[in-house]
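Just below is one structure, and these are the notes that go with it.
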Amino acid sequence: MINQAELDSRYSTWLTAPHLPVDLHRELVQMKDNQQLLADAFGTSLSFGTAGMRGILGAGTNRMNIYTVRQATEGLAKMMETLPAAERERGVAISFDSRYHSCDFAHEAAGVLGAHGIKSFIFDDLRPTPELSFAVRHLHTYAGIMITASHNPKQYNGYKIYGPDGGQMPPQESDLMTSYVRQVADLFAIKTVSEPELRHKGLVQVIGEDVDVAYLDKIKTVNINHDLIRDVGKQLKFVYTPLHGTGKIITRRALNQAGFQNYDTVVAQTIADPEFPTTPFPNPEFAQTFDLAIQLGKQEAADVLIATDPDADRLGAAVRQPNGEYQLMTGNQIASVLLDYLLKAKQRLHDLPENGVVVKSIVSTELATAIADHYGVKMKNVLTGFKFIAEQIKNFETNHDHTFLFGFEESFGYLIKPFVRDKDAVQSTMLLAEVAAFYKQQQLTLYDGLNQLYQEYGYYREKTIAKDFPGLDGQATMSKLMSEFRATPLQNLNGQPVTALDDFKTGIRRTADGQKTKLDLPTSDVLKYWFADDTWLAIRPSGTEPKIKFYLGVKAPTEAEATERLTQYEAALQQQLPQA
């Protein structure tokens, strides 16, 4: 936290800055006598980390605005200036979502890059995050910028940065770029080039349908059983909603192309509205997100409801039950039915490679591990963040030691084909619709298919508990709590002893008998406990939000026992946490 004199200086610099946009100047005037607002807007700078940056829209160094976007892009440009000319000349692909100022920020980024003689390839309209990842690979650009705040509320926007392989930059490259970003001290001295000048100098190229067609051509490879889709796809009835976001652009084209035409869209949510008027939290893991889809689903007796978040990298689903109500599926459950179908179909077609591998985050369900084991497929665990899954895919291709089959995170992100190097809700929609058709052919639902998996492998239940730490002192409080967990590790929980503790910050696993082994993952501020009854608990500060997430995973012989065990563990965990 900076002192009052520095706070006043920052505020004064912004208030008197030349050519300040009217909306930002108005906001600065309004916050003049509000010390709390001033401290929040200017008390620190917007954090730029391995996932880029994300924050509330507005005036100030701790806000998303054209100046902080310019600062981030200036850091990228300065890093690219250290590259060989051939690398630098590959340029940067830029896309944006439906949020306030997303298009503006995208064009501001192009202007800053242009001032450094770096060419941009910018989409003509909003496009999904996975298509931006694809565009980096398809156009062979050096980097990609995605303007999005993913599933956050309307007050937010963000800036994601992608590397040459189409994945979010891994820590080493991201840390280098972050160092350049932090060297940009004067946000108002950053040079930009106007749009007409960019066009005149050939420093920007508008892209759109050309990339769409190439992406859709690759999407054709996601579905496996085209005969099934042809025969049953017409009977399968489902509802799709893009939640006011980028999914409206490409997902329906992909569905029609695959042969799924018996579906309805939630019209109100197919409007790209930055207010998100029908769902203030456009996150497909929240039940409220499906309210309108459920209404339409009941009218049409739809088998499945599918929602993609505003930048179309996450997918959620709900399944019609015999009583006509809809049951929401968790990200872990969706991933499990997708994975089982994928491996089963490949096995039936004798297309399951001997060196096949699935990649998941360390906080995702162990049911997927049991499924992979059943098919003789290796499971690779990585840290949370899809960039780590992308990094593994790159390693597999370089070393030729494994064939990537599927990757996922419990937070509703899945990847089937690696022509994209981030989670891809368009791909996931295609495969989930095929899986629903597979069960429809047997007069079953997706949820029936999930229960079959539970009966075969045991009942797995998971839950994420998030504890918020708002305000400027939030990060310090989070760090203190993590230090306390390390200083005094849990010995037991819910009456069950700890059998092992994985500390990803030290890179050491400690077992109950005192043995230590090295963890084969990068360092990260994460703890994962393993208990005697196969339960696990992971503790991880969020990389994009001021909160610590606690992930619980249990396994039991029956559904009732699994539910009870999860409830008991959650209650025991709450006793260990500081109370508000």
Side-chain angles (χ1 to χ4, degrees), residues 19 21 46 48 51-54 64-97 99 101-127 129 131-148 157-169 173-208 210-211:
H19 312 300
L46 199 62
F48 192 96
M53 62 183 184
R54 188 181 302 177
M64 282 292 298
N65 51 63
I66 62 170
Y67 301 105
T68 50
V69 167
R70 288 176 183 175
Q71 180 187 31
T73 313
E74 180 75 1
L76 172 61
K78 285 186 175 296
M79 186 186 78
M80 290 182 68
E81 285 182 331
T82 68
L83 300 171
E87 293 288 285
R88 187 170 62 251
E89 289 167 4
R90 290 164 60 180
V92 179
I94 304 176
S95 185
F96 53 93
D97 69 5
R99 292 175 179 274
H101 300 297
S102 283
C103 182
D104 299 335
F105 292 166
H107 286 269
E108 287 287 346
V112 172
L113 292 169
H116 291 265
I118 298 171
K119 185 173 181 177
S120 296
F121 298 83
I122 190 166
F123 276 98
D124 59 354
D125 203 346
L126 62 156
R127 291 297 193 286
T129 290
E131 190 172 357
L132 182 275
S133 172
F134 171 78
V136 171
R137 296 175 58 78
H138 177 66
L139 300 172
H140 305 290
T141 63
Y142 175 78
I145 296 170
M146 181 70 199
I147 305 296
T148 181
N157 213 325
Y159 182 109
K160 287 183 177 180
I161 185 74
Y162 289 78
D165 69 333
Q168 290 186 48
M169 282 191 175
E173 290 84 350
S174 180
D175 289 347
L176 178 61
M177 181 181 160
T178 300
S179 70
Y180 282 103
V181 172
R182 290 172 180 163
Q183 290 172 24
V184 183
D186 188 349
L187 275 62
F188 299 102
I190 299 169
K191 294 181 180 179
T192 67
V193 176
S194 68
E195 194 89 14
E197 189 176 350
L198 288 174
R199 298 298 288 267
H200 176 71
K201 291 182 176 180
L203 289 171
V204 67
Q205 180 176 326
V206 177
I207 56 176
D210 51 343
V211 179

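Computed from a predicted model, the values in this text were never measured in an experiment. We count residues from 1, following the sequence as given.
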Worksheet item: In Å and rounded to the nearest 0.5 Å, what is the CD1 to OG1 distance from Ile145 to Thr73?
Response: 4.5 Å
Minimum side-chain heavy-atom gap [X]-[Y] below 4.5 Å:
X      : Y      : answer
Gln71  : Met53  : no
Thr141 : Val136 : yes
Val211 : Phe123 : yes
Phe105 : Arg99  : no
Glu81  : His116 : yes
Met177 : Lys78  : no
Ile66  : Pro21  : yes
Tyr142 : Ile118 : no

Worksheet item: Yes or no on side chain to side chain contact (heavy atoms under 4.5 Å, CB included) for Asn157 and Phe96, after CA distance, side-chain angles and deciding distance?
Response: CA-CA 10 Å; Asn157 213 325; Phe96 53 93; over 6 Å; no
Worksheet item: Should Leu113 and Ile94 be marked as a side chain to side chain contact (heavy atoms under 4.5 Å, CB included) after you check the CA-CA gap, both sets of side-chain angles, and the distance that decides it?
Response: CA-CA 11 Å; Leu113 292 169; Ile94 304 176; 4.2 Å; yes
Worksheet item: Considering residues at least two apart in sequence or located in another chain, which fulfil the side chain to side chain donor-acceptor pair (under 3.5 Å) criterion with Asp124?
Response: Arg127
Fill in: Exam field: side chain Ser133 to backbone Gly167, donor-acceptor pair closer than 3.5 Å
no
Worksheet item: Is a side-chain N or O of Asp210 found less than 3.5 angstrom from the main chain of Gly208, in a donor-acceptor match?
Response: yes
Worksheet entry | Residues Glu74 and Arg70 bridged, charged N to O under 4.0 Å | no
Practice prompt. Please collect all salt bridge (charged side-chain N to carboxylate O under 4.0 Å, His left out) contacts where either partner lies in residues 186-198, sequence neighbours excluded, each pair once.
Written response: Glu197-Lys201
Practice prompt. Give the intermediate values and the outcome of side chain to side chain contact (heavy atoms under 4.5 Å, CB included) for residues Arg199 and Val206.
Written response: CA-CA 9 Å; Arg199 298 298 288 267; Val206 177; 3.6 Å; yes
Worksheet item: Could you go step by step and tell me if Thr68 and Tyr159 meet the side chain to side chain donor-acceptor pair (under 3.5 Å) rule?
Response: CA-CA 10 Å; Thr68 50; Tyr159 182 109; over 6 Å; no
Discussion item. Before you tell me yes or no, could you show the steps for Leu203 and Val193 under side chain to side chain contact (heavy atoms under 4.5 Å, CB included), namely the whole-Å CA-CA distance, both residues' side-chain angles and the distance that decides it to 0.1 Å?
Written reply: CA-CA 10 Å; Leu203 289 171; Val193 176; 5.6 Å; no
